[in-house]
Protein chains: 2
Amino acid sequence: MLTLSHPAKTNRGPALKHDSPDCRAVSDVLARLGDKWTVLVVEILGRGPARFNELRREVGSISQKMLTTTLRQLERDGMVTRTVYPTIPPRVDYELTELGRELLVPVRALGEWARANMATIEEARQRYDAQAA
Amino acid sequence: MLTLSHPAKTNRGPALKHDSPDCRAVSDVLARLGDKWTVLVVEILGRGPARFNELRREVGSISQKMLTTTLRQLERDGMVTRTVYPTIPPRVDYELTELGRELLVPVRALGEWARANMATIEEARQRYDAQAA
DNA sequence: CGGGATCCTTGAAGATACTG
DNA sequence: CAGTATCTTCAAGGATCCCG
């Protein structure tokens, strides 16, 4: 059950030095957070439960496919609950779980860092680009 | 200079509700951290300066193209310095800047969260997958 | 309203070969 | 040693149509 016999990913060559379960868990989470919509959706849900098209409007430019995909992944990871009210027309509520709310803590810390340093980063880029020309 | 007149990205429709400079800065940083190698390289450089092939070996399975790309982006963003010693054979040292080292703080916090919650997430996934079958 | 199914475009990433 | 240059593959994301 905890044998961790993941399917090997057609890995030729020696095993990765950073292929430990811990490292893959971290990069797994980061990959999800790094996608285009997850953090934004989680942030919005952090303000309270919301319905599908409500989220769609608040995000602004997301396709319904990507919103569905994002929400399904979050639900699968236990970050979000999906509640269906079998009315006509149908109504579906999405809400952060406790796990989802806890995720917001380190994510917001990273967000704070990004906000605090965005000017510095932008200056570094302009220096780099200028001298590369 | 700070007019923020970004090139509009061929945006039809109403402006994004989350297109503020702050939000884009955050998602910019997250997108970079979410790529396959950046965090790993920064973590390794957090242990001290390293040469190109040294990094290559420590990462384990990265292609030299992706290592180059990752390092160039980090250098451009001011997270890493690149020092060339014009000897034969050439030698290039990479080292985290102060900004890069500061980045490690929130990144490690997120890593801690991922490690602490990886089991919970895995359980949630198995529940979801089992009941979806 | 809340999706599912399908097709298509694009960029990230990998493989390989070559070079100062 | 530390790259650059190409070619190729693959999955994320977007557009569109359809449905209960």
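Predicted, not measured: the structure shown is a model, and the values here were computed from it. Lettering follows sequence order; numbering is per chain, from 1. When reading the values below, keep in mind they use all heavy atoms of this one structure, side chains included, and skip hydrogens, waters and symmetry mates.
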Provide a list of protein-nucleic acid N or O atom pairs under 3.5 angstrom, restricted to nucleotides 13-17 of chain D.
{"residue": "D:dG13", "atom": "OP1", "partner": "A:Lys36", "partner atom": "N", "Å": "2.9"}
{"residue": "D:dG13", "atom": "N7", "partner": "A:Lys65", "partner atom": "NZ", "Å": "3.2"}
{"residue": "D:dG13", "atom": "O6", "partner": "A:Lys65", "partner atom": "NZ", "Å": "3.3"}
{"residue": "D:dG14", "atom": "OP1", "partner": "A:Lys36", "partner atom": "NZ", "Å": "2.8"}
{"residue": "D:dG14", "atom": "OP2", "partner": "A:Trp37", "partner atom": "NE1", "Å": "3.1"}
{"residue": "D:dG14", "atom": "N7", "partner": "A:Lys65", "partner atom": "NZ", "Å": "3.4"}
{"residue": "D:dG14", "atom": "O6", "partner": "A:Lys65", "partner atom": "NZ", "Å": "2.2"}
{"residue": "D:dC17", "atom": "N4", "partner": "A:Gln64", "partner atom": "NE2", "Å": "3.4"}

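Atom CG of B:Leu67 and atom P of C:dA13 are 13 Å apart (whole Å). Between the CZ atom of A:Arg56 and the C1' atom of C:dC1 there is a distance of 11 Å, rounded to whole Å.
Defining each end axis of the helix from C:dC1-D:dG20 to C:dG20-D:dC1 as the rotation carrying four pairs' C1' atoms onto the next four, with five pairs an end, the two axes are found to diverge by 50° to 10 degrees.
Clustering ILVMFWY residues whenever any of their side-chain heavy atoms sit less than 4.5 angstrom apart, transitively, puts A:Val29 in a cluster other than the one holding B:Tyr128. Side-chain heavy atoms closer than 4.5 Å link hydrophobic residues (I, L, V, M, F, W, Y) into clusters, and following such links, possibly through other members, connects A:Ile44 to A:Leu110.
Against DNA chain D, the stretch residues 68-90 of chain A makes heavy-atom approaches under 4.0 Å through A:Pro90.
An OP1 or OP2 oxygen of D:dG3 is reached within less than 4.0 angstrom by a side-chain nitrogen or oxygen of B:Tyr94. Phosphate contact (OP1/OP2 of D:dA2, side-chain N/O of B:Arg91, threshold under 4.0 Å): absent.
B:Asp35 places a side-chain N or O within 3.5 Å of a backbone atom of B:Thr38 that can act as its donor or acceptor partner. In this structure, the side chain of A:Asp77 does not engage the main chain of A:Met79 through any donor-acceptor pair within 3.5 Å. Side-chain atoms of A:Glu54 come within 3.5 Å of backbone atoms of A:Arg51 as a donor-acceptor pair (strictly under, hydrogens ignored).
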Does the side chain to side chain contact (heavy atoms under 4.5 Å, CB included) test come out yes or no for A:Tyr94 and A:Thr81, once each step is laid out? CA-CA 6 Å; A:Tyr94 293 93; A:Thr81 57; over 6 Å; no
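Using a cut-off of 4.0 Å between Lys/Arg side-chain N and Asp/Glu carboxylate O, A:Arg127 and A:Asp129 are scored as not salt-bridged. A salt bridge links B:Asp93 with B:Arg91: the distance from a Lys NZ or Arg NE/NH1/NH2 to an Asp or Glu carboxylate oxygen falls below 4.0 Å.
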Donor-acceptor contacts under 3.5 Å from residues 114-121 of chain B side chains, at least two apart:
{"residue": "B:Arg115", "atom": "NH2", "partner": "B:Glu112", "partner atom": "OE2", "Å": "2.9"}
{"residue": "B:Asn117", "atom": "OD1", "partner": "B:Trp113", "partner atom": "NE1", "Å": "3.3"}

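Contacts of A:Arg51 with the nucleic acid, taken as non-hydrogen atoms under 4.0 Å apart, involve only primed sugar atoms and P, OP1 or OP2.
Listed by chain and residue number, nothing satisfies the salt bridge (Lys or Arg N to Asp or Glu O under 4.0 Å) test with B:Arg82 (two or more places apart in sequence, or in another chain).
Here side-chain hydrogen bond (donor to acceptor under 3.5 Å, both in side chains) pairs that include residues 96-105 of chain A, with residues two or more places apart or in two chains, are A:Glu98-A:Arg101.
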